[in-house]
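Computed from a predicted model, the values in this text were never measured in an experiment. Numbers for residues simply follow the sequence, beginning at 1. Just so it is clear, the values below take in all heavy atoms, side chains as well, and ignore hydrogens, waters and symmetry mates.
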Amino acid sequence: MTLMAKTKRPDWDEYFMEITRLVAKRSTCLRRHVGALLVKDKMILATGYNGAPKGLAHCLDIGCLREQLGIPSGERHELCRGLHAEQNAIIQAAYHGVSIQGATLYCTNHPCIICTKMLINAGIVKIVYEAGYPDELSGDMLKEAGIEMVQFKEK
């Protein structure tokens with residue numbers, strides 16, 4: 001029996017989710033490590049993780065503003081130094097001139113409402129996410145926009 005016969009080859013969702021988890025390890029957020037991939041035709045177009053804008057101090061270094069203000073998860077997104085993983089993936093694609101229209105987002109977490117609106121307007125057609133997120137409006141808008149939602153489950 002060859003080595004390949006003993007090794008289970010991951011399907012595409014498993015493959016991209018594993019990469020998404022690795023991307024999340026770059027996060028500089030103290031509350032939640034999130035990773036995102038934008039994929040089209042089985043090719044990675046862009047990645048993103050949550051953290052402060054390029055060149056600015058990270059929450060890892062100066063503390064979490066949201067924690068200091070006692071803001072619960074899923075609320076008052078504007079009171080945060082960081083960008084979300086989905087936002088960073090969209091920005092990375094734009095920065096490099098890569099179209100993401102028709103792409104699938106792989107993400108460790110369900111998108112918040114702010115990211116949801118950006119993903120809708122960017123032309124994302126499918127979202128594969130691992131964990132939930134307390135944002136009912138996000139789910140409602142994704143459904144209304146006709147974006148396919150798949151919660152990833154390990155096999």
| message | Are the side chains of Q92 and N88 in contact, using a 4.5 Å heavy-atom criterion? | response | no
| message | Tell me whether S138 contacts the main-chain N or O of P111 through its side chain, where contact means a donor paired with an acceptor under 3.5 Å. | response | yes
| said: Please check if the number of heavy atoms outside E144 that lie under 6.0 Å from its CD is greater than 12. | reply: no
| E130 (side chain) donor-acceptor with F152 (main chain) under 3.5 angstrom | no
| Going from CG on L56 to CD1 on I62, what distance comes out if it is rounded to the nearest 0.5 angstrom? | 8.5 Å
| field | ring pair (Phe, Tyr, Trp, His ring centres under 6.0 Å) partners of Y95, counting only residues at least two apart | value | none
| message | Can you pull out every ring-ring contact (aromatic ring centres under 6.0 Å, His included) where at least one residue sits in residues 16-44? Sequence neighbours excluded, please. | response | W12-F16, F16-Y106
| Do the side chain of E18 and the main chain of Y15 share a donor and acceptor less than 3.5 angstrom apart? | no
| said: E67 vs L30, test: side-chain contact (heavy atoms from CB on, under 4.5 Å). Steps then yes/no. | reply: CA-CA 9 Å; E67 203 63 42; L30 295 171; over 6 Å; no
| said: Evaluate C112 against D135 for side-chain contact (heavy atoms from CB on, under 4.5 Å), listing each step before the verdict. | reply: CA-CA 6 Å; C112 73; D135 196 329; 3.8 Å; yes
| query | Does atom CG of D61 have more than 12 heavy-atom neighbours, drawn from other residues, nucleotides or ligands, at distances under 6.0 Å? | reply | yes
| N50 side chain to C29 main-chain N or O, any donor-acceptor pair under 3.5 Å? | no
| request: State, with a plain yes or no, whether a side-chain heavy atom of E14 is found less than 4.5 Å away from one of K8. | output: yes
| task | Using atom types as modelled and distance alone, determine if a side-chain donor or acceptor of R66 lies under 3.5 Å from a backbone N or O of P72. | result | yes
| request: Rounded to the nearest 0.5 Å, what's the gap from CE on M118 to CD1 on I124? Could you check? | output: 10.5 Å
| request: Check whether any side-chain heavy atom of I147 sits under 4.5 Å from a side-chain heavy atom of V125, and report yes or no. | output: no
| From CA spacing to verdict: side-chain contact (heavy atoms from CB on, under 4.5 Å), I100, I90 | CA-CA 8 Å; I100 58 173; I90 291 168; 3.9 Å; yes
| field | Spacing of CG belonging to D140 relative to CD belonging to E136, to within rounding of 0.5 Å | value | 5.5 Å
| said: Are the side chains of V128 and M17 in contact, using a 4.5 Å heavy-atom criterion? | reply: yes
| request: Output the distance between atom NE2 (H58) and atom OG1 (T28), rounded to the nearest 0.5 Å. | output: 5.0 Å
| query | How long is the gap from CG on L79 to CD1 on I71, to the nearest 0.5 Å? | reply | 4.5 Å
| field | Beyond-backbone contact of M149 with K143, side-chain heavy atoms, under 4.5 angstrom | value | no
| said: Please check: side-chain N/O of K40 versus main-chain N/O of Q101, any donor-acceptor pairing under 3.5 Å? | reply: yes
| field | For E154, all residues meeting salt bridge (charged side-chain N to carboxylate O under 4.0 Å, His left out), sequence neighbours excluded | value | R21
| R32 versus S73, side-chain donor and acceptor atoms under 3.5 Å | yes
| How about I19 and I44: do any of their side-chain heavy atoms sit closer than 4.5 Å? | yes
| Atom CZ of R31 with >12 non-hydrogen neighbours under 6.0 angstrom | yes
| Counting N and O atoms only, with roles assigned by atom type, does the side chain of T108 sit under 3.5 Å from a partner on the main chain of G35, one being a donor and the other an acceptor? | yes
| query | Mind checking whether L37 and L105 have side chains closer than 4.5 Å, heavy atoms only? | reply | no
| field | Within-4.5 Å side-chain heavy-atom neighbours: C80 and L65 | value | no
| task | Can you tell me which residue pairs pass the salt bridge (charged side-chain N to carboxylate O under 4.0 Å, His left out) test with a partner in residues 69-88, sequence neighbours excluded? | result | R76-E78
| task | Output yes when a side-chain donor or acceptor of D11 lies under 3.5 Å from a complementary backbone atom of D13, and no otherwise. | result | yes
| Looking at residues at least two apart in the chain, or sitting in another chain, which of them share a ring pair (Phe, Tyr, Trp, His ring centres under 6.0 Å) with H110? | Y129
| Applying ring-ring contact (aromatic ring centres under 6.0 Å, His included), which residue pairs with at least one partner in residues 65-92 are found, sequence neighbours left out? | H77-H84
